[in-house]
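Everything below concerns the one structure shown next.
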Amino acid sequence: MMSTAAPLVPASASSIAAPSRAVGRIRSIDALRGLVILLMLVDHAREFFFIHAQVSDPMDVETTSPALFFTRLSAHLCAPVFVALTGLGAWLYGNKQAGGGNGANAASAFLLKRGLFLVVVELTVVNFAWTFSIAPELIYLQVIWAIGLSMIALAALVHLPRPVLIVVGLAIVLGHNLLDPISIAAGQPGHVIWAMLHDRGFIDLPWGGQARTSYPLLPWIGVAALGYAIGPWFAGEQRRRLRRLVLTGMSALALFIILRAINLYGDAPWAVQATPIQTAMSVLNLTKYPPSADFLLLTLGVGALILAGLETAQGRLVGMLAVFGGAPLFFYLIHLYGLHLLNLAVLVLFGANQGDGFAVPGVGGVWLLAALVAVPCWFACQWFGGVKRRSSQWWMKYL
């Protein structure tokens, strides 16, 4: 079981084209977050209503249909964008609190408190949403947990000079695959730390249960650091920011193409398959747990280009996406509980049609279900966004 999730950070800043000293939200950031939130909804609809066709990581190209493959591939965009925007949002918050000066101290305190809060949310409310069990035998340490710990790590890293922070972020994102040969077996010294940092695995808990580190932490720290490092772009002139976003996105995609062409580093090698579409699937079949260098180059490159497009986009669609992106944690919780309750309801009404579970007819049914669920979620997020804006309660910032 996996999940993706939205970061608990406000996109507080000015209008798109002016310095971030003024109060407001950057609509392009909320819209990007909203877009990947909807892709996350599709992936979680697949988890609850198409589980009989579960996919591996990376996916089995020979047995996974192209429709299911590219549906899963679209969801790969979610976690990297969320984590990068976590770092960016922290910079915007710190810059706002410092009135345009050095906001590292404010950002650090913000990151530490929110990070601890997210870890608690993952271990309690989020795990219950997946299992509906108060004492599950297996606790999943997923993306909310990874975002929380990345924020805690970033709380220390933000005090580095910005050039050093960029070097650290790039070194982690591009270099962590050099650590792939290192493996520490369960019960051996260092297993717990290494399972949390780099190797997806199981950790035995004192009361007999286990925790699974679905999202090994190390690469996500690098992504959050790079997100924080691009924060100053959003305090300056829009045209320059657009150039930087496009250049960054194109450079990341170019390096991705180079590494996949060389086929020696960055992820497991791809191979020519029986059909051209399967060969393309093999090239794009990237490892998410932990995210490989190629995985992050592709997803962050695409994310940067989409953000650049949203910077200048007009129309109601951008505004509708921004409603989702303005209440990310709220959406994350209500959609998980909603999908789980809906799954239980259809099992009672119609019974199982795929083993012990209920499945929609085909991948198209997954997308249709996600679209239907998105409608009430949008109205709920719109309502909650208004409540949050009007509230003076300190704890509302956490939601």
Worksheet entry | Qualifying residues under side chain to side chain contact (heavy atoms under 4.5 Å, CB included), relative to Leu138, sequence neighbours excluded | Tyr140, Phe202, Gln210, Arg212
Practice prompt. Indicate, with yes or no, if Phe331 and Leu317 share a hydrophobic cluster defined by side-chain heavy-atom contacts under 4.5 Å among Ile, Leu, Val, Met, Phe, Trp and Tyr.
Written response: yes
Worksheet item: Can you find a pair of side-chain heavy atoms, one from Thr299 and one from Phe295, that are under 4.5 Å apart?
Response: yes
Worksheet item: Which pair of heavy atoms, one from Thr213 and one from Arg200, lies closest together, and at what distance?
Response: O-CG, 3.2 Å
Discussion item. With clusters defined by side-chain heavy atoms of hydrophobic residues (ILVMFWY) lying less than 4.5 Å apart, directly or transitively, does Leu369 cluster with Phe350?
Written reply: yes
Practice prompt. May I ask you to check whether Trp130 and Phe48 place their ring centres under 6.0 Å from each other?
Written response: yes
Worksheet item: Do the side chains of Pro328 and Ile37 get nearer than 4.5 Å, heavy atoms only?
Response: yes
Worksheet item: Quick one: does Met151's side chain get under 4.5 Å of Lys113's, heavy atoms only?
Response: no
Item to complete: Group every Ile, Leu, Val, Met, Phe, Trp and Tyr by side-chain heavy-atom contacts under 4.5 Å, then state whether Val375 and Val373 land in the same group.
Response: yes
Worksheet item: Short question: side chain of Thr287, backbone of Tyr289 - any donor-acceptor pair under 3.5 Å?
Response: no
Worksheet, complete the sentence: Contacts satisfying salt bridge (Lys or Arg N to Asp or Glu O under 4.0 Å) that involve residues 136-160 (not counting sequence neighbours) are none
Practice prompt. Go through the steps for Val81 and Leu307 under the test side-chain contact (heavy atoms from CB on, under 4.5 Å), then give the verdict.
Written response: CA-CA 10 Å; Val81 168; Leu307 182 56; over 6 Å; no
Discussion item. Against the six-membered ring of Phe234, is Arg241 placed for a cation-pi contact (under 6.0 Å from the centre, within 45° of the normal)?
Written reply: yes
Fill in: Any donor-acceptor N/O pair, Lys288 side chain to Ala79 backbone, under 3.5 Å
no
Worksheet item: What is the minimum heavy-atom distance between Ile203 and Met196, and which atoms define it?
Response: CD1-CG, 3.9 Å
Worksheet entry | Over all atoms of both residues, closest heavy-atom pair of Gly266 and Ser292 | O-CB, 3.0 Å
Practice prompt. Could you walk me through whether Leu141 and Leu123 pass side-chain contact (heavy atoms from CB on, under 4.5 Å), step by step?
Written response: CA-CA 7 Å; Leu141 305 177; Leu123 296 176; 3.5 Å; yes
Item to complete: Output the distance between atom OH (Tyr228) and atom CZ (Arg162), rounded to the nearest 0.5 Å.
Response: 10.0 Å
Fill in: Candidate pair Val119 and Leu116, rule side-chain contact (heavy atoms from CB on, under 4.5 Å), full reasoning
CA-CA 5 Å; Val119 171; Leu116 290 171; 5.8 Å; no
Worksheet item: Residues in side-chain hydrogen bond (donor to acceptor under 3.5 Å, both in side chains) with His159, at least two apart?
Response: Ser108
Worksheet item: Considering only heavy atoms from C-beta outward, does the side chain of Pro290 approach that of Trp220 to under 4.5 Å?
Response: no
Discussion item. What I'd like to find out is whether the side chain of Val126 reaches to under 4.5 Å of the side chain of Tyr332, using heavy atoms alone.
Written reply: yes
Discussion item. Measuring only between side-chain heavy atoms, which start at C-beta, is Ile29 closer than 4.5 Å to Leu32?
Written reply: no
Worksheet item: CG of Leu347 to CG of Asp356: how many Å apart, nearest 0.5 Å?
Response: 9.0 Å
Fill in: Shared hydrophobic cluster, Phe379 / Val323 (ILVMFWY, side-chain heavy atoms < 4.5 Å)
yes
Name the atoms and distances for all side-chain donor-acceptor pairs under 3.5 Å in residues 247-256, with sequence neighbours left out.
from   : atom 1 : to     : atom 2 : distance (Å)
Thr248 : OG1    : Arg244 : O      : 2.7
Ser251 : OG     : Leu247 : O      : 2.7

Output side-chain donor-acceptor pairs under 3.5 Å for residues 168-183, partner residues at least two apart or in another chain, one line each.
from   : atom 1 : to     : atom 2 : distance (Å)
His176 : ND1    : His198 : NE2    : 3.1
His176 : NE2    : Pro291 : O      : 2.7
Asn177 : OD1    : Ala293 : N      : 2.8
Asn177 : ND2    : Asp180 : OD2    : 2.9

Response to the item:
Residues at least two apart in sequence or cross-chain that pass side-chain hydrogen bond (donor to acceptor under 3.5 Å, both in side chains) with Trp378, listed by chain then number, are none
Item to complete: Drop me the distance from Gln142's CD to Ser214's OG, to the nearest 0.5 angstrom.
Response: 4.5 Å
Discussion item. side-chain contact (heavy atoms from CB on, under 4.5 Å), that's the test. Do Met40 and Val36 meet it? Break it down for me.
Written reply: CA-CA 6 Å; Met40 175 188 70; Val36 294; over 6 Å; no
Practice prompt. Look at the side chain of Glu237 and the backbone N and O of Arg240, then say whether any donor-acceptor pair between them is shorter than 3.5 Å.
Written response: yes
Worksheet item: Any idea which heavy atoms bring Met59 and Leu73 closest together, and the distance?
Response: CE-N, 4.3 Å
Fill in: Note, Val366 side chain near Leu68 side chain (heavy atom, < 4.5 Å)
no
Worksheet entry | Atom of Ile184, atom of Trp194 and distance for their closest heavy-atom approach | CD1-CB, 3.8 Å
Fill in: Any side-chain heavy-atom pair of Phe49 and Leu342 under 4.5 Å
yes
Fill in: Contacts of type ring pair (Phe, Tyr, Trp, His ring centres under 6.0 Å), residue Phe384, not counting sequence neighbours
Phe330
Worksheet entry | Under 3.5 Å: donor-acceptor pair, side chain of Asn285, backbone of Asp60 | no
Worksheet entry | Contacts of Leu205 that satisfy side chain to side chain contact (heavy atoms under 4.5 Å, CB included) - sequence neighbours left out | Ile139, Trp207, Ala211
Fill in: Polar contact flag, side-chain donor to acceptor under 3.5 angstrom, Trp270-Asn263
yes
Discussion item. Nearest 0.5 Å, please: how far is CG in Leu339 from CG in Leu341?
Written reply: 9.5 Å
Worksheet item: For the side chain of Gln354 and the backbone of Ala359, is there at least one donor-acceptor N/O pair under 3.5 Å apart?
Response: no
Worksheet, complete the sentence: Separation between CZ (Phe70) and NE2 (His76), nearest 0.5 Å, reads 11.0 Å
Practice prompt. Would you kindly confirm whether Val346 and Leu372 end up in one hydrophobic cluster when ILVMFWY residues are joined by side chain heavy atoms under 4.5 Å apart?
Written response: no
Practice prompt. Enumerate the residue pairs fulfilling salt bridge (Lys or Arg N to Asp or Glu O under 4.0 Å) with a member in residues 245-261, sequence neighbours excluded, ordered by first and then second residue.
Written response: Arg260-Asp294
Worksheet item: In chain order, what residues pass the side chain to side chain contact (heavy atoms under 4.5 Å, CB included) check against Val387, with sequence neighbours excluded?
Response: Trp383, Arg390, Met396
Worksheet, complete the sentence: When rounded to the nearest 0.5 Å, the distance separating OG1 of Thr64 from CZ of Phe69 is 8.0 Å
Worksheet entry | Set of residues satisfying side chain to side chain contact (heavy atoms under 4.5 Å, CB included) with respect to Gln273, sequence neighbours excluded | Val61, Glu62, Ala271, Gln278, Thr279, Ser282
Item to complete: For the residue pair His52 and Phe50, categorise the inter-ring angle as parallel (less than 30°), tilted (30 to 60°) or perpendicular (more than 60°).
Response: perpendicular
Worksheet item: For Asn95 and Ala235, which heavy atoms make the closest approach, and how far apart are they?
Response: ND2-CB, 4.4 Å
Worksheet item: Can you name the side-chain hydrogen bond (donor to acceptor under 3.5 Å, both in side chains) partners of Thr71, sequence neighbours left out?
Response: Trp367
Discussion item. Do the side chains of Asp30 and Arg27 get close enough for a salt bridge, i.e. N-O under 4.0 angstrom?
Written reply: no
